[in-house]
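What follows is a set of notes on a single structure, which appears directly below.
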Amino acid sequence: MCLAVPGRVVETGDRDGTRMARVDFGGVTKDVCLAYVPDARVGEYVIVHVGFALQRLDEESARASLRLFEELGLLEEEFGDAWGRAAAEAGTERPDQEATR
């Protein structure tokens with residue numbers, strides 16, 4: 001299943017004339033195309049589907065979505081074991097777990 005998953009923009013730039021970003025999904029970072037939201041800024045959350053940022057999302061909604069996806073087991077299905085492993089290696093908690101405290 002392919003989900004539209006919220007992630008936090010950590011870096012932006014242009015690659016071959018296309019607006020791109022590095023997006024953090026709780027320790028797993030991926031390159032994402034910003035063609036649909038070219039004015040997305042570092043620190044903002046975007047919803048990403050198959051490598052494209054589709055829209056902005058506020059942090060509270062992003063965390064709530066991540067919590068729900070985790071409860072349903074969808075994050076592991078989408079990202080595999082790398083999700084938790086990357087967060088552990090980075091010495092941080094997963095974003096969905098920070099908000100439940």
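- A salt bridge links Asp31 with Arg15; the closest basic N to acidic carboxylate O contact falls under 4.0 Å.
- In this structure, Val46 and Val9 have side chains that are in contact, with non-hydrogen atoms separated by less than 4.5 Å.
- Taking both residues in full, the closest heavy atoms of Thr12 and Ala40 are given as CG2-O, 3.9 Å, listed atom of the first, atom of the second, then distance.
- Closest approach of Arg22 to Thr29, counting heavy atoms only: NH2-OG1, 3.0 Å.
- Judged by distance alone, with hydrogens and angles left aside, the side-chain atoms of Asp14 form no donor-acceptor pair with the main-chain N or O of Gly17 at under 3.5 Å.
- When all heavy atoms of Val32 and Ala53 are compared, the closest pair comes out as CG1-N, 3.4 Å.
- Checked for salt-bridge contact, Arg56 and Asp39 meet the test: a charged N lies under 4.0 Å from a carboxylate O.
- Nearest heavy atom pair, residue Val23 against residue Val10, reads N-CG2, 4.4 Å.
- Leu34 places none of its side-chain heavy atoms less than 4.5 Å from the side chain of Phe52.
- Judged as a side-chain contact (heavy atoms from CB on, under 4.5 Å), and not counting sequence neighbours, the contacts of Ser65 are Pro6.
- A distance of 7.5 Å separates CZ in Arg8 from CD in Glu59, rounded to the nearest 0.5 Å.
- To the nearest 0.5 Å, atom SG of residue Cys33 and atom CZ of residue Arg19 are 11.0 Å apart.
- The OH atom of Tyr45 sits 8.0 Å away from atom CG of Asp24, with the distance rounded to the nearest 0.5 Å.
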